[in-house]
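A, B, ... follow the sequence lines: proteins, then strands. Residue 1 opens every chain.
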Amino acid sequence: AQSVTQLGSHVSVSEGALVLLRCNYSSSVPPYLFWYVQYPNQGLQLLLKYTTGATLVKGINGFEAEFKKSETSFHLTKPSAHMSDAAEYFCAVSEQYNTGFQKLVFGTGTRLLVSP
Amino acid sequence: EAGVAQSPRYKIIEKRQSVAFWCNPISGHATLYWYQQILGQGPKLLIQFQNNGVVDDSQLPKDRFSAERLKGVDSTLKIQPAKLEDSAVYLCASRDPLTGPDTQYFGPGTRLTVL
């Protein structure tokens, strides 16, 4: 079974600083990887995803992530944090059924705190 | 296009009571998911439907949880009887299988508090 590990349940940065949220995955097959963001009292919103092709993936709100197979990592970055980036971020891997269907397996999440 | 709708947004019940949640997916999305998100954790899949058929319910506590999607559109998730540990946010998501690998669209969730 596939799994995801997010290092750090909380990450604090100052406004304008680099954001780095870490995600490592375990998968026996080429993975599909996702980052979702969850604002308070809202559902999850897709930030970006990696399926095949270019390993550097750009998403919404200036976020990007790089798939590194050798490190089994898919870390999320943003060059300059904004106050509105404060939220919970979830990394997920897509697990395949034998039937061809897929499901997402989520990490435990990282809460990003942005201070003025 | 309209997003995934869920109701109610909040529900408070006492243990051993019953509760039901409703989800209306994005129009045309054949795949529907119910997740349980306990405070401080990531969402955990409870059940997945393809149209009105169940694809995966291996994580659904079937002694107390049930779900249906009779006409292949909207869905209900029921808990009977509720336990304290069922306090969580219940998220519904939908996906169009034809649009590629697993881009799921999430509703706002129903926050359940069991007292």
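Counting all heavy atoms, side chain and backbone alike, A/G43 lies closest to B/L91 at CA-CD2, 4.2 Å. For B/Q37 against A/F90, the heavy-atom pair with the smallest separation is NE2-CZ, 3.2 Å.
Residue B/Q50 touches chain A through its side chain alone, counting heavy-atom pairs closer than 4.5 Å. A/Q38 touches chain B through its side chain: at least one heavy atom from C-beta onward sits under 4.5 Å away, while N, CA, C and O do not.
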- Would you please test B/T103 and A/Y32 for side-chain contact (heavy atoms from CB on, under 4.5 Å) and show each step? CA-CA 10 Å; B/T103 298; A/Y32 295 151; over 6 Å; no

- Message: With side-chain contact (heavy atoms from CB on, under 4.5 Å) as the criterion, how do B/Y35 and A/L104 come out once you've worked through the C-alpha distance, each side chain's angles and the decisive distance to 0.1 Å?
- Response: CA-CA 10 Å; B/Y35 289 89; A/L104 290 176; 3.9 Å; yes

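Among the candidates A/T108, A/V4, A/V105, the residue making the largest number of heavy-atom pairs closer than 4.5 Å to chain B is A/T108. Per-residue heavy-atom pair counts under 4.5 Å with chain A were compared for B/C92, B/P43, B/G42, and the maximum is reached by B/P43.
No single ILVMFWY cluster, assembled from side-chain heavy atoms under 4.5 Å apart, contains both B/Y10 and B/Y90. Residues A/L76 and A/I60 share a hydrophobic cluster, clusters being chains of Ile/Leu/Val/Met/Phe/Trp/Tyr side chains in contact below 4.5 Å.
Here the straight-line distance linking atom NZ of A/K103 with atom OH of B/Y33 works out to 10.5 Å at 0.5 Å rounding. Atom-to-atom distance recorded for B/Q104:CD and A/S94:OG is 8.0 Å, nearest 0.5 angstrom.
Looking at B/R9, its side chain does come within 3.5 Å of a backbone N or O of A/N41 through a donor-acceptor pair. For B/Y105 (side chain) and A/L46 (main-chain N/O), no donor-acceptor pair under 3.5 Å exists by modelled atom type.
Heavy atoms from other residues, nucleotides or ligands lying under 6.0 Å from CD of B/E68 number more than 12. Atom NZ of B/K11 has 12 or fewer neighbouring heavy atoms from other residues, nucleotides or ligands inside a 6.0 Å radius. Crowding of B/K71 atom NZ: a count of heavy atoms from other residues, nucleotides or ligands under 6.0 Å not exceeding 12. Within 6.0 Å of the CG atom in B/L39, the count of heavy atoms belonging to other residues, nucleotides or ligands does not exceed 12. More than 12 heavy atoms of other shown residues, nucleotides or ligands fall within 6.0 angstrom of atom CD in B/Q17.
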